[in-house]
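To start, the structure itself, in structure tokens.
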Amino acid sequence: MIERIKSALERCGVAMWRINETVEETAELFFVKRQLDTRRSKDVRKYDVTVFRDVEDPEGGKPARGFTSVRLIASMDDARLDEELKGAYYAARFAANPYFDLPDPVQAPMAQKTGELAEAPLARSAGRMVKALFAPDTHQDAFVNSAELFVSRSSHHILSSEGTDAAYVDARVNGEFVVQCREPEDVELHGAFEYDQLDEQALSDKVAEALSFVRDRARAQKALASGKYDLVLSGNAVAEVLSYYVSRSSASSVYARYSTWKQGEDVQGETTGERLSLTLRATVPYSMEGIPMADLPVLENGRLNAYHGPNRFCRYLNVKPTGFYEKFSCGNGSVPFETLKKAPCLWAVTFSDFQMDAMSGHFSGEIRLAYLIEDGKTIPITGGSVNGSILEAQKDLTFSAERYLTAQYDGPYAVRMKGISIAGPGE
């Protein structure tokens, strides 16, 4: 199929191109309570072709480079391939961007991922993760209502007109589950997970925590008063807040002037708490553009160390293209979690929706369950909302020594921030 696509590109007069071939096999399991309801397996091969076309910018008369992508499948005949590629090449003239050089060519043998998730039969890995998922489901009052689990292994082959020919294997496990408690109020909580290794303990811990949370949510009170609190966030909410720094340091944000950050400057400002250290993690050896990936310290003690991003935006900033990162780690954290959430504070654990606005630094979410810790008591609370700004909170952050791991984040389990505005249920 690769040779057929190359021949079609030549027939269509396309001189600059990139082909991304992906072959993915997946084992999918669906459960109702602990009973397997559906089992599926997939084996999919797809070809994403990006074509580039040089045009003249009609406004400035300067050289410009347009590009667009199309997905091809092996069942297409040559006439259909020509039709799809001609359409993409035609469309590329209307998607012109300021001129940029294409990625430098890379030639390398297949990079194999190690570990059981990448090497063992998918069914075996799925069985182990299912066992881990249901291991904490031993209670009468709270239980796993339903679950979905997907184990996938994929091979990626990247070729380009510039001479790139590189390939690698990746593997992931992800899924969702719903936990339920029926008394004294019938409540459900949704959980999602994704790992790039066979991390059975992390999944069991996540489900066990969710079962504890749904039990407390069923008993929670709507008694939270509006005001400012020391707020403790945990799990995915910590990763969401810290993603602000990843977004603001991206080459695309800097080029578009959404971010004014400059390499070497202190982006955290004056602090009395912990200084931030974040590293972008290379979970695959090459980006989809064929750029070699490597771990990249992006923040060191609150200072911006590097920009990052796809080839085009890095070229615009005259920095080395890094590729797009899917995971980051935070090196902070030295306080035991039990000490971190000492009274008085509000530990918000689940939200109906928690979001970080990378433009403003504002984070917010409607509380489904929180714990009000004060006067020697820990009271489950529901209702109300969190409204804070990382720009204000970053001057005094404290992170837990306990860690939290997903396919996108490796860092402290929890963070404590001072003086965050909380609106009570009646507001």
Do His157 and Met110 have side-chain heavy atoms sitting under 4.5 Å apart?
no
Just checking, is any N or O donor in the side chain of His156 or Ser154 under 3.5 Å from an acceptor N or O on the other one?
yes
Glu194 and Asn174: side-chain donor and acceptor closer than 3.5 Å?
no
For Phe30 and Phe150, I'd like to know if the aromatic rings sit close, meaning centre-to-centre distance below 6.0 Å.
yes
Any side-chain heavy atom of Trp347 within less than 4.5 Å of one from Leu233?
no
With a 3.5 Å cut-off and no angle check, do the side chains of Lys228 and Ser421 form a donor-acceptor pair?
yes
Using the rule side-chain contact (heavy atoms from CB on, under 4.5 Å), only one of Thr322, Leu304, Asn305 pairs with Val298; which is it?
Leu304
State whether the number of non-hydrogen atoms from other residues, nucleotides or ligands found under 6.0 Å of Tyr99 atom OH is greater than 12.
yes
What closest approach, in Å, do Leu29 and Phe31 show between heavy atoms, and which atom pair accounts for it?
CB-CE1, 3.7 Å
Does a donor on one side chain and an acceptor on the other come within less than 3.5 Å for Asn236 and Glu240?
no
Can you check whether Ser277 reaches Asn301 side chain to side chain, under 4.5 Å on heavy atoms?
yes
Axial cation check for Tyr371 ring with Lys341, 6.0 Å and 45° limits:
no
Looking at side-chain heavy atoms only, is the closest gap between Arg153 and Val169 below 4.5 Å?
yes
Please say whether the positively charged group of Arg53, taken as NZ for Lys or CZ for Arg, lies over the ring of Phe67, i.e. under 6.0 angstrom from the six-membered ring centre and within 45 degrees of the axis.
no
Would you please indicate yes or no on a ring centroid separation below 6.0 angstrom for Phe313 and Tyr307?
no
Distance-only side-chain donor-acceptor flag, Tyr245 / Gln268, under 3.5 Å
no
